[in-house]
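Keep in mind that what you see is a predicted model, and the values were worked out from it rather than measured.
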Amino acid sequence: MGLDVRDFKKEVLDRSYETPVLVDFWAEWCGPCRILGPILERLAQEANGQWQLAKVNTEEHPEVAMEYGIRSIPNVKLFVDGKVAGEFVGALPEAMVRQWLKKFVPGRYQKQLAQAEQLLVRGENDRAQKILENILNSDPQNVEGRILLARTILFREPQQAARLVENIDEPRHSEMIEAIRTVARLASLHLEPDALPASDVRETYREAIRALLARDFERALQSFITVIRTDRYYDDDGSRKACIAIFKLLGEEHEITKEYRREFSSALYV
């Protein structure tokens with residue numbers, strides 16, 4: 001059963017800073033509410049604490065209904081950190097409610113993942129790694145955790161990083177996964193330089209790989225772009241893929257990305 005809300009601030013807003021709270025705005029006279037209510041209660045029980053269900057009777061709390069613009073019921077709003085993170089109106093079928101929950105309810109480890117990502121951006125990889133390993137010990141299939149850990153260890157243990165993202169098939173993560181796989185492949189080539197085809201750009205390409213693995217991204221980009229200008233499709237278009245991987249790992253707002261993105265594009269289309 002969901003909690004019948006008496007103090008909205010305490011039981012919904014304040015509580016949502018600890019656990020997402022799904023609020024079911026309903027009334028006794030509302031037929032569709034009687035259909036949706038049991039579905040939400042069943043799903044809340046299945047969630048096992050990942051989110052909490054709260055029920056607000058709009059007849060008893062008209063001021064709350066007015067504040068949140070409730071014009072028809074049932075109306076369902078998800079509160080995270082004191083704010084509405086998602087909502088829907090009407091008695092949706094259970095399958096659609098499940099899809100909606102999957103889209104809007106943050107994962108159990110969302111805050112720890114965000115903290116680890118911030119540490120990674122600041123270069124505090126050891127601290128990020130500890131947080132991510134703790135998450136994966138409890139939830140080995142956590143997709144965000146596996147990808148972040150792969151990024152954290154990528155230049156130290158590239159093949160292990162590649163294994164972490166094996167079998168992850170989610171479109172929203174596809175570019176980062178490809179970036180991780182690209183760097184891991186180049187790390188393998190670094191150990192087997194004879195695997196590279198003969199070419200006038202071969203040594204420049206090897207130099208680019210060495211710079212990349214040393215995290216000298218500026219020098220790596222310079223060398224990869226030189227290869228693109230000279231022999232665009234060397235190593236199966238490897239320089240283009242490497243540049244894209246660097247941009248993805250650094251982020252579009254990073255100074256190096258901004259500086260070299262235009263030069264990269266120019267090299268591709270000249």
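A continuous path of hydrophobic side-chain contacts links F88 to I39 [ILVMFWY only; heavy atoms under 4.5 Å]. L213 and I244 fall within a single hydrophobic cluster, where Ile, Leu, Val, Met, Phe, Trp and Tyr side chains are chained together by heavy-atom contacts under 4.5 Å. Linking Ile, Leu, Val, Met, Phe, Trp and Tyr residues whenever their side-chain heavy atoms come within less than 4.5 Å leaves V105 and V23 in two separate clusters. Cluster membership for L154 and L132, using ILVMFWY side-chain heavy atoms within less than 4.5 angstrom, is not shared. Tracing side-chain contacts under 4.5 Å through hydrophobic residues (I, L, V, M, F, W, Y), one reaches V64 starting from I73; they form part of the same cluster.
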* V21/L78 under side chain to side chain contact (heavy atoms under 4.5 Å, CB included): CA gap, chis, key distance, verdict -> CA-CA 6 Å; V21 179; L78 177 70; over 6 Å; no
* Output, in order, the C-alpha distance, side-chain angles, deciding distance and verdict of side chain to side chain contact (heavy atoms under 4.5 Å, CB included) for D24 and V56. => CA-CA 6 Å; D24 176 18; V56 173; over 6 Å; no
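The list of ring-ring contact (aromatic ring centres under 6.0 Å, His included) pairs with a residue in residues 180-201, not counting sequence neighbours, is empty. Listed by first then second residue, pairs satisfying side chain to side chain donor-acceptor pair (under 3.5 Å) with a partner in residues 60-74 number zero, not counting sequence neighbours. Listed by first and then second residue, the ring-ring contact (aromatic ring centres under 6.0 Å, His included) pairs that reach into residues 13-56 come to none, sequence neighbours excluded. Each ring-ring contact (aromatic ring centres under 6.0 Å, His included) pair with one or both residues in residues 101-145, not counting sequence neighbours, appears once here: W100-F104.
Aromatic ring centroids of F247 and F264 lie under 6.0 Å apart.
Counting heavy atoms from C-beta outward, K9 and D14 have side chains that approach closer than 4.5 Å. Residues Y234 and P197 are in side-chain contact: their nearest non-hydrogen atoms beyond the backbone lie under 4.5 Å apart. Between V227 and D235 the shortest side-chain heavy-atom distance does not fall below 4.5 Å. I225 is listed as a side-chain neighbour of C243, based on a closest heavy-atom distance under 4.5 Å. For the pair I256 and L221, the minimum side-chain heavy-atom distance is below 4.5 Å. Considering only heavy atoms from C-beta on, L249 comes within 4.5 Å of V183 through its side chain. Side-chain contact between R42 and Q45: absent, with no pair of heavy atoms (C-beta onward) separated by less than 4.5 Å. Contact check for Y205 versus S223: no side-chain heavy atoms found under the 4.5 Å cut-off.
Among residues two or more places apart in sequence or in another chain, the side chain to side chain contact (heavy atoms under 4.5 Å, CB included) test is passed with P93 by M96. Contacts of Q159 classified as side-chain hydrogen bond (donor to acceptor under 3.5 Å, both in side chains), with partners at least two apart in sequence or in another chain: S188. Scored by the side-chain hydrogen bond (donor to acceptor under 3.5 Å, both in side chains) test, N142 finds D139 as partners (sequence neighbours excluded). Judged as a side chain to side chain contact (heavy atoms under 4.5 Å, CB included), and not counting sequence neighbours, the contacts of E259 are E218. E46 is linked by a side-chain hydrogen bond (donor to acceptor under 3.5 Å, both in side chains) to R98, counting only residues two or more places apart in sequence or in another chain. F155 meets the ring-ring contact (aromatic ring centres under 6.0 Å, His included) test with F217; sequence neighbours excluded. Under the rule for a side-chain hydrogen bond (donor to acceptor under 3.5 Å, both in side chains), N125 has no partner lying at least two apart in sequence or in another chain.
Residues P32 and A91 come closest through the heavy atom pair O-CB, 3.6 Å. E11 approaches V5 most closely through the heavy-atom pair OE1-CA, 3.3 Å. When all heavy atoms of I131 and Q115 are compared, the pair lying nearest together is CD1-CD, 3.7 Å. Counting all heavy atoms, side chain and backbone alike, T152 lies closest to A128 at OG1-CB, 4.3 Å.
Between the side chains of E133 and Q129, at least one donor N or O sits under 3.5 Å from an acceptor N or O. Residues Q222 and R219 have side chains that never bring a donor and an acceptor to within less than 3.5 angstrom of each other.
A salt bridge does not link R163 to E166: none of the charged side-chain nitrogens sits closer than 4.0 Å to a carboxylate oxygen. Of the charged side-chain nitrogens involved, none lies within less than 4.0 Å of a carboxylate oxygen, so that E117 and R122 do not count as a salt-bridged pair.
Within 6.0 Å of CG on D7 lie more than 12 heavy atoms contributed by other residues, nucleotides or ligands. The number of heavy atoms from other shown groups lying within 6.0 Å of CG (N137) is above 12. Around CD of E255, the count of heavy atoms belonging to other residues, nucleotides or ligands within 6.0 Å does not exceed 12.
How far CD1 of I228 is from CD of E263: 9.5 Å, rounded to the nearest 0.5 Å. The CG atom of L36 sits 10.0 Å away from atom CD of E94, with the distance rounded to the nearest 0.5 Å.
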All N/O donor-acceptor pairs, side-chain side in residues 170-177, below 3.5 Å, sequence neighbours left out:
unit_1 : atom_1 : unit_2 : atom_2 : d
R172   : NH2    : E144   : OE2    : 2.7
S174   : OG     : P171   : O      : 2.9
E175   : OE1    : K248   : NZ     : 3.4

